[in-house]
Amino acid sequence: MTITAIIISIVYLFCLTGCSASCSVGLIRPDDKPSQRYLVPLIFGATQGVMALLGMLVGKAITYLFDAVGHYLVFVMMLVVAVKLMVDAIQILKGKRLYTFSSDWGFLLLSIVASINTFLMGLMSDFFLPFGNWFFLFVAVAGFLWSYLTVKIQYSPKIMKTMSFFEFSESVFMVVIAVLFMFTNLLA
């Protein structure tokens with residue numbers, strides 16, 4: 001793996017797991033215990049990693065169905081993830097993705113929904129797998145870092161506009177990475 005491929009792969013991981021940043025803004029209140037400040041990012045990171053691993057396992061089981069078109073499916077799947085990120089960014093900007101929970105089940109469901117991207121890309125693991133079989137671990141770390149960086153931020157409309165900008169930027173980067181994957185050999 002070249003330095004360029006490593007840098008692109010790291011950007012890809014952060015784009016893929018970026019949903020956990022906007023989902024975790026404001027989930028920790030100032031009066032929460034210090035242990036809770038780490039619990040939320042740990043759950044987000046673990047869920048991201050588990051969903052990536054599940055996607056890898058399911059992908060390996062059905063990969064024979066897509067051998068001839070696998071390269072194109074990775075491209076399409078990256079575009080699907082990019083569109084999902086763009087729609088999420090627009091929803092955040094409109095104020096439709098604001099989360100508060102009265103139960104742990106709601107929070108767990110949110111962490112699973114935020115990790116759908118990693119599951120989808122895990123399905124294509126036989127055709128594109130940055131960092132090899134350790135992909136799920138890198139995804140877990142990236143999900144943890146996004147959540148950890150944003151979980152303590154107090155909600156405000158200005159912060160949510162910033163989160164919307166980040167998710168929109170992630171979608172643009174994902175499209176660029178998809179084009180690089182499809183039309184160059186930089187990620188080989």
Side-chain angles (χ1 to χ4, degrees), residues 1 3-28 32-63 73-74 77-85 88-89 92 97 99 101 103-153 163 166-167 169-171 173-174 176-178 181 187:
M1 212 175 197
I3 295 294
T4 305
I6 291 172
I7 291 169
I8 292 170
S9 295
I10 291 170
V11 170
Y12 167 77
L13 286 175
F14 280 107
C15 289
L16 194 60
T17 58
C19 291
S20 45
S22 60
C23 290
S24 59
V25 168
L27 287 180
I28 297 293
D32 285 343
K33 298 175 188 171
S35 62
Q36 288 174 307
R37 295 179 191 267
Y38 296 104
L39 183 63
V40 170
L42 282 173
I43 290 172
F44 268 104
T47 307
Q48 294 275 346
V50 166
M51 291 295 280
L53 184 60
L54 285 174
M56 289 169 63
L57 294 173
V58 171
K60 290 196 184 302
I62 63 171
T63 193
L73 281 176
V74 171
M77 203 63 83
M78 283 185 187
L79 292 180
V80 166
V81 169
V83 168
K84 182 183 175 301
L85 288 169
D88 288 351
I92 291 168
R97 284 194 55 211
Y99 302 106
F101 297 102
S103 74
D104 293 336
W105 290 109
F107 169 68
L108 185 60
L109 181 62
L110 173 65
S111 65
I112 291 170
V113 168
S115 62
I116 294 296
N117 295 346
T118 58
F119 177 78
L120 291 175
M121 292 313 298
L123 288 173
M124 298 292 109
S125 63
D126 274 3
F127 308 106
F128 179 65
L129 192 62
F131 305 111
N133 289 328
W134 295 102
F135 172 72
F136 72 95
L137 186 61
F138 282 90
V139 165
V141 169
F144 171 82
L145 290 174
W146 268 125
S147 183
Y148 182 74
L149 290 173
T150 57
V151 76
K152 297 181 206 174
I153 297 173
M163 293 284 91
F166 280 131
E167 284 215 26
S169 300
E170 292 163 8
S171 71
F173 282 126
M174 188 62 80
V176 169
I177 292 168
F181 173 80
L187 299 174

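Only this structure's heavy atoms are used, side chains among them; waters, hydrogens and symmetry mates stay out. Nothing fancy with the numbering, it's 1 onward along the sequence. What you are looking at is a predicted structure, and each value in this text was computed from that prediction instead of being measured.
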4.5 Å side-chain heavy-atom contact, [X] and [Y]:
X	Y	result
Tyr38	Tyr148	yes
Phe135	Ser125	no
Gln48	Phe136	no
Leu13	Phe131	yes

To the nearest 0.5 Å, tell me how far [X] [atom1] sits from [Y] [atom2].
X	Y	atom1	atom2	result
Lys84	Leu120	NZ	CG	8.5 Å
Leu79	Ser171	CG	OG	11.0 Å
Leu123	Leu57	CG	CG	10.5 Å
Leu16	Ser9	CG	OG	11.5 Å
Leu53	Phe119	CG	CZ	11.0 Å
Met124	Leu129	CE	CG	12.0 Å

Which heavy atom of [X] sits nearest a heavy atom of [Y], and at what distance?
X	Y	result
Met51	Ser115	CG-OG, 2.9 Å
Thr17	Ala142	OG1-CB, 3.4 Å
Ala140	Gly49	CB-CA, 3.8 Å
Leu85	Glu170	CD2-OE1, 3.7 Å
Val74	Phe127	CG2-CB, 3.5 Å
Glu167	Ala89	CB-CB, 3.8 Å

Dump the intermediate steps for side chain to side chain contact (heavy atoms under 4.5 Å, CB included) on Ile8 and Phe181, then the final yes or no. CA-CA 10 Å; Ile8 292 170; Phe181 173 80; over 6 Å; no
Would you check if the side chain of Ser147 reaches a backbone N or O of Gly143 as a donor-acceptor pair within less than 3.5 Å? no
Using only atom types and a distance under 3.5 Å, with no angle test, would you say the side chain of Trp146 pairs donor to acceptor with the backbone of Phe14? yes
Crowding at CD1, Ile3 (>12 non-hydrogen neighbours, <6.0 Å):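 No.
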Can you tell me which residue among Phe138, Phe128, Phe173 is in a side-chain contact (heavy atoms from CB on, under 4.5 Å) with Tyr12? Phe128
Once side chain to side chain donor-acceptor pair (under 3.5 Å) is applied, do any residues pair with Ser111, and if so which ones, sequence neighbours excluded?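 Residues passing side chain to side chain donor-acceptor pair (under 3.5 Å) with Ser111: Thr47.
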